[in-house]
There are 2 protein chains.
Amino acid sequence: MPKTKYIEIYEDLKQKIEKSFYEYQQLLPSENTLVKEYECSRNTVRRAIANLINDGYVQTKHGQGARVIYQDFKQNEYMFGETESFKEFAQRNHKKHETKVITFEELTVDETIHEHTRMPIGVEVYHIKRVRHLEGSPVIMDVNYFRKDVAKGLTVEIAEDSIYEYLSKELNQRAVTAKRKMVVERTTDMDEKYLKLDGFNSVVVVTSHIFNADGIMFEHTQSRHTPGNFVFFDQTQRK
Amino acid sequence: MPKTKYIEIYEDLKQKIEKSFYEYQQLLPSENTLVKEYECSRNTVRRAIANLINDGYVQTKHGQGARVIYQDFKQNEYMFGETESFKEFAQRNHKKHETKVITFEELTVDETIHEHTRMPIGVEVYHIKRVRHLEGSPVIMDVNYFRKDVAKGLTVEIAEDSIYEYLSKELNQRAVTAKRKMVVERTTDMDEKYLKLDGFNSVVVVTSHIFNADGIMFEHTQSRHTPGNFVFFDQTQRK
DNA sequence: TGGTATTTGTCCGTATGTATC
DNA sequence: GGATACATACGGACAAATACC
């Protein structure tokens with residue numbers, strides 16, 4: 001199953017940068033050179049490079065070229081830069097993980113919940129509270145609202161394993177856009193009760209609004225992280 | 001000074017979405033319709049839409065169209081989502097602001113500093129520590145390293161006002177790419193001494209690597225924020 | 001159910017402008 | 001000034017997913 005051309009080129013260049021075939025501060029070959037190398041149009045090369053820019057791998061300058069600005073940041077083993085489920089993260093890092101369900105109930109969105117989640121009033125949702133354990137320590141508390149019409153058939157068992165795995169494998173539902181907001185808040189009694197705070201009197205609160213391919217906001221989640229193992233990366237390009 | 005066509009279209013569509021001319025959950029007109037409306041090629045329309053996707057304003061689906069997923073999030077007046085200088089931020093929000101310089105020295109990068117900042121050994125830098133005050137409260141401690149060959153002629157006076165203003169106006173230097181990492185750490189004695197922590201025993205530490213148009217990493221900054229007024233937004237699209 | 005039109009996604013080629021070397 | 005290189009814009013062709021009748 002061949003991917004698209006520009007993705008192939010993008011991944012090839014990306015790998016060559018990661019392996020220092022193209023080194024930090026070096027210019028990539030010119031677009032016209034790459035056109036010959038990959039036997040494609042200039043547009044296609046430019047799409048590939050646009051993706052590298054977006055990833056913070058290169059930076060272009062008019063009339064000069066695309067310069068590598070990627071540095072190997074000893075891929076931090078901790079959470080979390082992108083959209084990755086807790087289970088995936090834990091498995092990728094070979095960490096013991098466990099999820100305990102605190103609350104599992106079905107509700108109808110009322111004025112209060114609407115205010116808080118922006119889900120339309122009257123919609124039926126699953127309301128789930130879970131505590132995530134890593135290497136035996138409770139480090140995250142998740143409070144989810146899932147639209148029942150999109151995330152049909154959730155159960156406590158699924159919530160203990162991986163809701164995302166269920167959604168993608170069973171229901172063919174995927175997160176397409178995730179909007180997130182991060183703040184640091186004082187711990188609550190709930191935090192104190194359920195999380196291993198290691199002396200911190202604050203938690204990192206990540207509020208997410210997640211949209212599926214149909215543009216429906218089917219999930220609202222508040223994740224409360226213990227400060228110790230929370231890492232966030234981002235990169236921005238200004239034009 | 002006319003901007004480029006696709007930026008004009010992008011900004012026009014963006015504004016129409018913000019003003020609910022195109023409403024939440026509604027489909028934009030088809031690309032071919034927009035081609036007629038803006039009298040341009042389809043590629044140009046597609047570039048404009050690609051930018052809207054990147055901003056989390058719309059989401060496209062093959063064969064269907066571009067659906068508006070923008071919701072007005074009562075633009076939080078607090079810090080910080082994008083690359084904006086402290087002075088700009090304070091002025092935009094009509095807040096009283098002040099910057100006090102704690103340390104201002106010139107150094108040569110040695111092994112230790114290199115390890116910490118990734119700046120090349122032997123390069124001369126300004127090393128600056130500053131405390132930022134908002135409405136009279138000390139809320140951020142910045143520790144900067146600026147390459148002297150790029151940020152020529154810095155002074156304490158400039159550091160008390162705005163280094164970025166100086167760089168852009170006097171030296172015509174701009175931040176093109178910013179890579180950032182965020183963690184939450186225990187407060188240090190320095191934090192306790194200089195910041196108004198309001199009972200928090202943690203600070204948000206943002207480490208930034210900033211590149212200019214020539215691809216040179218000319219600034220390394222560690223910003224230590226009091227938790228109370230720290231907000232961060234982001235959005236990601238998955239394909 | 002099935003066929004057709006619509007709409008987005010990919011790719012190509014060409015031309016022109018502008019910044020850099 | 002000339003050569004090189006990226007940036008913008010146009011146009012056309014076809015594929016693939018969706019919507020409509």
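So that the names make sense, note that chain A is the first sequence line, chain B the second, and so on, each numbered from 1. Not measured: the values here are computed from a predicted model.
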Residue pair B/T99 / B/R132, side-chain donor-acceptor N/O under 3.5 Å: yes

Expected output: side-chain A/Q25 to main-chain B/G215 donor-acceptor under 3.5 Å: yes

Listed partners of B/R47 passing side-chain hydrogen bond (donor to acceptor under 3.5 Å, both in side chains), at least two apart: B/Y6

Residue pairs involving residues 149-158 of chain A (criterion salt bridge (Lys or Arg N to Asp or Glu O under 4.0 Å); sequence neighbours excluded): A/R147-A/D149

Contact list for residues 57-67 of chain A, test salt bridge (Lys or Arg N to Asp or Glu O under 4.0 Å), sequence neighbours left out: A/K61-B/D214

All pairs passing salt bridge (Lys or Arg N to Asp or Glu O under 4.0 Å) where residues 22-34 of chain B contributes a residue, at least two apart: B/E31-B/R42, B/E31-B/R46

Test item: B/H209 side-chain N/O and B/H220 main-chain N/O as donor-acceptor pair under 3.5 Å: no

Atom pair distance, as rounded to whole Å: OH in A/Y38 and P in C/dT10: 18 Å

Comparing B/N43 and B/S30 on DNA chain C - which has the more 5′ nearest nucleotide: B/S30

Neighbours of DNA chain C within residues 45-57 of chain A, by heavy-atom distance under 4.0 Å: A/R47

Which residues share a side-chain hydrogen bond (donor to acceptor under 3.5 Å, both in side chains) with B/K14, sequence neighbours left out: B/Y10, B/D55

N/O (side chain, A/T4) to phosphate O (OP1/OP2, C/dG9) under 4.0 Å: no

C/dC12 phosphate, OP1 or OP2, under 4.0 Å from A/K5 side-chain N/O: yes

Side-chain donor or acceptor of B/Q237 paired with backbone N/O of B/I53 under 3.5 Å: yes

Separation of C/dG9 C1' from B/Q59 CD (nearest whole Å): 16 Å

Nucleotide interval of DNA chain D bounded by contacts with chain A (heavy-atom cut-off, under 4.0 Å): D/dA5 to D/dT8

Rounded distance in Å - CG (B/L34) to C1' (C/dT6): 14 Å

Pick out the pairs of N or O atoms, protein on one side and nucleotides 15-17 of chain C on the other, that lie under 3.5 Å.
{"from": "C/dG17", "atom 1": "N2", "to": "A/H62", "atom 2": "NE2", "distance (Å)": "3.1"}

Polar side-chain atom of B/D110 near backbone of B/T112 as donor-acceptor pair, under 3.5 Å: yes

Gap between atoms CG and P, on B/L28 and C/dT7 respectively (whole Å): 13 Å

Pairing string, 5' to 3', for DNA chain C - Watson-Crick or wobble contacts under 3.5 Å, brackets [ ] where pairs cross, | to another strand: .||||||||||||||||||||

Distance in angstrom units between A/E31 CD and C/dC11 P, rounded: 16 Å

A/E106: partners by side-chain hydrogen bond (donor to acceptor under 3.5 Å, both in side chains), with sequence neighbours left out: A/K148

ring-ring contact (aromatic ring centres under 6.0 Å, His included) contacts touching residues 33-59 of chain B (sequence neighbours left out): B/Y57-B/Y70

Ring geometry between A/F218 and A/Y164 (parallel below 30°, tilted from 30 to 60°, perpendicular above 60°): tilted

Below 4.0 Å: OP1/OP2 of C/dC21 and any side-chain N or O of A/Q64: yes

Partners passing salt bridge (Lys or Arg N to Asp or Glu O under 4.0 Å) against B/K19 (at least two apart in sequence or in another chain): none

